[in-house]
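Comments concern the structure below.
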Protein chains: 2
Amino acid sequence: MVERVVPEGKRQRRRPTKQGAVLSERLIVETALNLIAQHGAEALSVRRLGAALGADPSALYRYFRNTDALMLAVADELIGRAQQGWAPTGYWRADLRAIGLRIHGSYRSNPQAALLAAHRTTGRPHEMRAVETVLGVLREAGFPDGLAVRVYHAFVDQALAFAAQDAATLALPSAAKEADAEVWREVYGRLTSDTHPHIAATFPLLAADMRGSGYPFALELMLDAVAALKPVADAR
Amino acid sequence: MVERVVPEGKRQRRRPTKQGAVLSERLIVETALNLIAQHGAEALSVRRLGAALGADPSALYRYFRNTDALMLAVADELIGRAQQGWAPTGYWRADLRAIGLRIHGSYRSNPQAALLAAHRTTGRPHEMRAVETVLGVLREAGFPDGLAVRVYHAFVDQALAFAAQDAATLALPSAAKEADAEVWREVYGRLTSDTHPHIAATFPLLAADMRGSGYPFALELMLDAVAALKPVADAR
DNA sequence: ACCTGAACACCGTTCAAGT
DNA sequence: ACCTGAACACCGTTCAAGT
């Protein structure tokens, strides 16, 4: 089996493509992010990316062994950006809230990559730091180890699960996104009280609430419940 | 614009395909679920589905206007299977717990299909019934409309988000699944207290807890918090 | 009324050849 | 050493024609 992908540091020479681009992992990842940002998730294909780079599509296979490897590189770039500039305050509730909303927000900011990243254990430095940070917030606040671990698990999985869920919605092709929105107007908005009394009675509230993410409220409920389980009640 | 998709109830005659199959929405959805269960989510294409049904691929466009509509029908079938044989007990906590665990379980038992289905709003009968049921449990328990709607949203999104998250893990190719498990032994198991004190201190507890799903505990935390918000406290 | 088959405009990926 | 171009094996979807 031939190893076709040369690690980024070991490349010796580079020849520009016909259109003059000098390829690199970094350039490819950034071009991919731009492509998604400008033309939507469905615009990311090897062929389009090649065109955007000014290279033959097949040239990308010298840098990434397949599309999945490219997506993971993009995801890793985003995990790095997400953790930048945050420090714990010493208040466990505020810290967990901030971490949860940051994970959720960063995944939402690049839904396509988030979908591939959210259900994998990478064991990479950024992920390790996040695990250590969350466990540290709980243990230093006085949660005993057994409880800290269970809360860590529920908290992180909730953040990742909602992040992936909301990213998935954002990553839908725009036609599907509109179809989902139309369902609320055209289907749920027309149900009557003889067949669906609870939907009919609450429809305007329901349609308004469903426009946003359920995560912020779900996170607050979790923090409420965790506070009630904490052995030594305090204001932090 | 021509309306090419005839509603299921209004079809008049049916001619078997060359290979003798008599098509229907139901047969197509069930064949799609079988295809996914047997050969993975990536095996689901209009062309393969046509072949599995013994029909020309383009014949499916008489039943679903595009692939997206077919996916919504598959999603709704999963929701329907989750609700089969369940009836409310009148105890809101027990009812929400049962519904949450059923959704989670149904999606986990069809992980490949769940991945394609869990983040869509179908607007189809099974989904409509589920929405009505959950809202009904909350409103009949005495939650005021505004709170019932917010709790409904957080509850349903959390169930679907965890279901998709856990389904994603189950749907990984077995090589990737093992690689993820190895990360816990080989990476997190080797971290020392000088760089990652909290992980090092709790590792055995952590590794054990992470083997299961975080959903049951997260659900219980949500029910705890919701009980505390309920205007009239009661034992139900 | 319903199904077919050809056609169109795309995909990801491989590999021998070119520079 | 790196990029190219053709080729392969797929996609989803449309529409005139067939039954």
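Order of the sequence lines fixes the chain letters, A, B, ..., with proteins taken first and strands second; residue numbering starts at 1 for each chain.
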Could you state the [atom1]-[atom2] distance from [X] to [N], rounded to the nearest angstrom?
X     : N      : atom1 : atom2 : answer
B/L53 : C/dT4  : CG    : P     : 11 Å
A/I28 : D/dC3  : CD1   : C1'   : 12 Å
B/L70 : D/dT13 : CG    : P     : 10 Å
B/L44 : D/dG12 : CG    : P     : 8 Å
B/R62 : C/dA1  : CZ    : P     : 9 Å
B/L35 : D/dC11 : CG    : P     : 11 Å
B/R48 : D/dG12 : CZ    : C1'   : 15 Å
A/E42 : D/dG12 : CD    : P     : 16 Å

>> Once you measure the plane-to-plane angle for A/H104 and A/Y215, does it fall in the parallel (<30°), tilted (30-60°) or perpendicular (>60°) bin?
In response: tilted
> Are B/Y61 and D/dC15 close enough that a side-chain N or O sits under 4.0 Å from OP1 or OP2?
Replying inline: no
Work out which heavy atom in [X] is nearest to a heavy atom in [Y]; give both atom names and the distance.
X      : Y      : value
B/A73  : B/F64  : CB-CE2, 3.7 Å
A/A200 : A/T192 : CB-C, 3.9 Å
B/V29  : B/V74  : CG1-CA, 4.2 Å
A/R150 : B/F217 : NH2-CD1, 3.3 Å

Strictly distance-based, threshold 3.5 Å: is any side-chain N or O of [X] a donor or acceptor partner for the main-chain N or O of [Y]?
X      : Y      : value
A/Q165 : B/A118 : yes
B/S106 : B/R102 : no
A/H153 : B/D209 : yes
B/R97  : B/L219 : no

> Rounding to the closest angstrom, what is the interatomic distance between C/dA9 and D/dC10 at atom P?
Replying inline: 22 Å
>> Measuring only the C1' atom in each nucleotide, how far is D/dC8 from C/dC11? A whole number of Å is fine.
In response: 12 Å
> Is any side-chain N or O of B/S58 under 3.5 Å from a base N or O of C/dG5, one able to act as donor and the other as acceptor?
Replying inline: yes
> Reading DNA chain C 5' to 3', what string of ( ), [ ], | and . shows its pairs, if Watson-Crick and G-U wobble pairs count only when both distances fall under 3.5 Å?
Replying inline: ||.|||||...|||||.||
>> With nearest nucleotide decided by heavy atoms, which residue, B/A59 or A/D68, maps closer to the 5′ end of DNA chain C?
In response: B/A59
>> Nearest to the side chain of B/V46, heavy atoms from C-beta on, is which of D/dG12, C/dC3, C/dT4?
In response: D/dG12
For nucleotides 16-19 of chain D, list the nitrogen or oxygen atoms of the protein found under 3.5 Å from its nitrogen or oxygen atoms, one pair per line.
unit_1: D/dG18; atom_1: N2; unit_2: B/R15; atom_2: NH2; d: 2.9

> Just checking A/S45: base, sugar-phosphate only, or nothing, at a heavy-atom cut-off of under 4.0 Å?
Replying inline: sugar-phosphate
>> Can you work out whether A/R47 or A/T17 has the more 5'-proximal nearest nucleotide on DNA chain D?
In response: A/T17
>> Please evaluate residues B/E77 and B/R124 with respect to the criterion salt bridge (Lys or Arg N to Asp or Glu O under 4.0 Å), reporting the C-alpha separation (whole Å), side-chain torsions for both, the decisive distance (0.1 Å), and the verdict.
In response: CA-CA 9 Å; B/E77 175 66 20; B/R124 295 174 64 100; over 6 Å; no
